Amino acid sequence: MANFAKPSVPQFSVDVYQNEYLPVGGRDVDAVVTVTATGGGTSGATGVTAGGPAGVVIMVDCSGSMDYPPTKMEGARAATAAAIDTLRDGTSFAVVAGNHVATPLYPGDGRLAVAGARTRAEAKEALGRLHADGGTAIGTWLRLADALLGGEDLVIRHAVLLTDGRNEHESPESLRAALDACAGRFTCDARGVGTDWEVKEVTGIASALLGSADIVADPAGLAADFTAMMENVMGKGVADVALRLWTPVGAEVVFVKQVAPAVADLTGRRADTVPRAGDYPTGSWGDESRDYHVRVRVPANAVGQEMLAARVSLIVPDPAGGDARPVSQGLIRAVWTHDVAMTTAINPQVAHYTGQAELADAIQAGLDARKSGDQDGATAKLGRAVQLAAASGNADTAKLLSKVVDVVDAAAGTVRLKAKVAEADEMTLETRSTKTVRVKR
């Protein structure tokens, strides 16, 4: 059993990188906001974080396809056992068996168990009852996870979802309704095993619930992946952190996008709070750093004028149970000038992440064109993706692209589509297309 100490509540800092100078008539201000959480030290060995207790629900696909080949179900059992072993003592947890219905496998009484030697052993014994049968209705699994996690007084609420197939036994509307109901209530990491699942479905689940998504093409790799996921969850010290943007009269937020460690558009998730301010959810935090690209549109001003375009702050729950409070802040400024050199200079951080977002879009568009038979469109888009990956130093994405295209000239973006591409390679590229590299400062 892994022994993980209790993470303390991290301290947050906010740094803003931008070119604040605008030309005459200029209105759009771009900035990269780096949020860093530090000091999540360790001080014990229980499942209670500095802010309160943690709970995890593991949802395992048990539809009939999990028996084809049988190694998928074997891998799922081994992965779930590894995850259970990685839980800190005192962490609340449950295992859900999912097919066209959701069944609480362990502890099975509508509640969560508390991790300890006895409950770990019982839970791993219960995994022997997992068997493949029936269809797939992921929305029902998520709603059960929500009920289990919502029934406890928890601070960190997290779920892990493993599936090997498409959500064919409920409508897309039912899944979307379940995601809407669960959003903001818990985070969820989603994994697809094998190659028979739908990438957009799995990544959509993770995106809606502020978690990660990935492919595990070989079931033998599930245990290592689940262990790493659970270690990450056990390191979280605070949940429900929001990025708050306050703008003055006449200014408006155009978009807010997480750009590192992965691209995620948060614009549509804004919740209006205090006057002229909106909160954008960022999920749970441990010791880590993330980057956000913010664009604010301000009223045009005369040369020589300057204004505060936005104030950025972090809203963190009060460990004592009081109201969430702002911690740390950064300022986004706008200054108007005639100096062309100043207004045309692109901040390196903004330029880098603009390219990383374009890279993710180019990969998706290229793969969609390839699937639709548009060879020319796929070649152009994937060629641009190769060019962007090379320019930004995103070696991992460049390697994945090289399994889908033959690279003739990376700098120029000249590629040829491969005649044959392994399905796992194409799905891996699509699933990981939003992963970015940090800008070198």
Side-chain angles (χ1 to χ4, degrees), residues 61 65-66 68-69 71-72 75-76 79 161-167 189-207 211-226 228-229 261-263 355-437:
D61 190 338
S65 58
M66 284 291 287
Y68 300 95
T71 51
K72 282 196 285 191
L161 185 151
L162 173 69
T163 185
D164 81 319
R166 293 171 175 82
N167 197 50
D189 292 322
R191 294 295 185 266
V193 60
T195 58
D196 294 329
W197 49 280
E198 178 61 48
V199 171
K200 289 182 175 61
E201 205 164 69
V202 170
T203 56
I205 291 168
S207 175
S212 67
D214 208 348
I215 178 175
V216 185
D218 184 351
L222 280 171
D225 184 81
F226 268 46
M229 263 197 298
V263 177
Q356 293 289 284
E358 185 187 350
L359 170 59
D361 289 342
I363 290 173
Q364 190 61 65
L367 292 177
D368 286 346
R370 186 178 180 276
K371 292 173 185 175
S372 68
D374 180 3
Q375 300 291 304
D376 291 341
T379 301
K381 290 294 185 180
L382 293 175
R384 176 59 175 158
V386 166
Q387 186 181 40
L388 290 165
S392 64
N394 196 329
D396 290 342
T397 298
K399 184 177 180 180
L400 294 175
L401 282 162
S402 69
K403 295 183 179 182
V404 177
V405 297
D406 292 315
V407 180
V408 179
D409 185 337
T414 306
V415 303
R416 289 189 298 267
L417 296 183
K418 288 183 180 292
K420 292 185 178 180
V421 177
E423 192 170 13
D425 289 337
E426 184 174 1
M427 291 178 70
T428 301
L429 174 61
E430 184 175 5
T431 305
R432 299 178 183 172
S433 63
T434 59
K435 296 185 184 299
T436 58
V437 291

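Everything numeric here is computed off the predicted structure, so don't read it as measured data. Quick note: numbers below take in every heavy atom, side chains included, and nothing from hydrogens, waters or symmetry partners.
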Any non-hydrogen side-chain atom of Arg416 less than 4.5 Å from a side-chain atom of Val408? yes

Looking only at side-chain N and O atoms, does Asn167 offer a donor or acceptor that is under 3.5 Å from a partner on Glu198? no

One should read off an interatomic distance between Gln387 CD and Ser392 OG, to the nearest 0.5 angstrom, of 11.0 Å

Let's go through Lys200 and Asp368 carefully: what are the C-alpha distance in whole Å and the side-chain angles of both, what is the deciding distance for side-chain contact (heavy atoms from CB on, under 4.5 Å) to 0.1 Å, and is it a yes or a no? CA-CA 11 Å; Lys200 289 182 175 61; Asp368 286 346; 3.3 Å; yes

Spatial distance of atom CG (Leu429) from atom CD1 (Ile215) [nearest 0.5 Å]: 10.5 Å

Do Asp425 and Leu400 come close enough that some side-chain heavy atom pair is under 4.5 Å? no

Going by heavy atoms in the side chains, are Val202 and Thr431 under 4.5 Å from each other? no

Which distance, rounded to the nearest 0.5 Å, do you find between the OG1 of Thr71 and the CG of Asp218? 7.5 Å

Tell me every residue that passes salt bridge (charged side-chain N to carboxylate O under 4.0 Å, His left out) with Asp361, counting only those two or more places apart in sequence or in another chain. none

Salt bridge between Asp396 and Lys435, side-chain N to carboxylate O under 4.0 Å? no

Could you check whether atom NZ of Lys72 has more than 12 heavy atoms from other residues, nucleotides or ligands sitting under 6.0 Å from it? yes

Just by modelled atom types, is the Gly204 backbone N or O under 3.5 Å from a matching donor or acceptor in the Ser207 side chain? no

Note, Asp61 side chain near Trp197 side chain (heavy atom, < 4.5 Å): no

Take atom NZ of Lys399 as the centre, draw a 6.0 Å sphere, and report whether it contains more than 12 heavy atoms from other residues, nucleotides or ligands. no

May I ask you to test the Asp196-Asp164 pair for a side-chain heavy-atom distance under 4.5 Å? no

Nearest heavy-atom approach of Ala206 to Ala190 is CB-CB, 4.3 Å

Heavy-atom side-chain contact between Ile205 and Thr163 under 4.5 Å: no

Taking side chain as C-beta onward, heavy atoms only, is Val407 less than 4.5 Å from Leu401? no

For the student: nearest non-hydrogen atoms of Ala410 and Ala390, plus distance: CB-CB, 4.0 Å

With sequence neighbours excluded, give me every side chain to side chain donor-acceptor pair (under 3.5 Å) pair touching residues 403-414. Asp406-Lys418

Measure the spacing between CG of Leu162 and CG of Asp189 and express it to the nearest 0.5 Å. 12.0 Å

Spacing of Thr379 atom OG1 and Gln375 atom CD [to the nearest 0.5 Å]: 6.5 Å

Do you know the tightest heavy-atom contact between Leu417 and Ala378? CD1-CB, 3.9 Å

Please answer whether the main-chain N or O of Val437 pairs with a side-chain N or O of Gln356 as donor and acceptor at a distance below 3.5 Å. yes

A side-chain contact here means heavy atoms from C-beta on lying under 4.5 Å apart; do Val421 and Arg370 qualify? yes

Inter-residue atom distance Glu430.CD - Ile363.CD1, 0.5 Å rounding: 10.0 Å

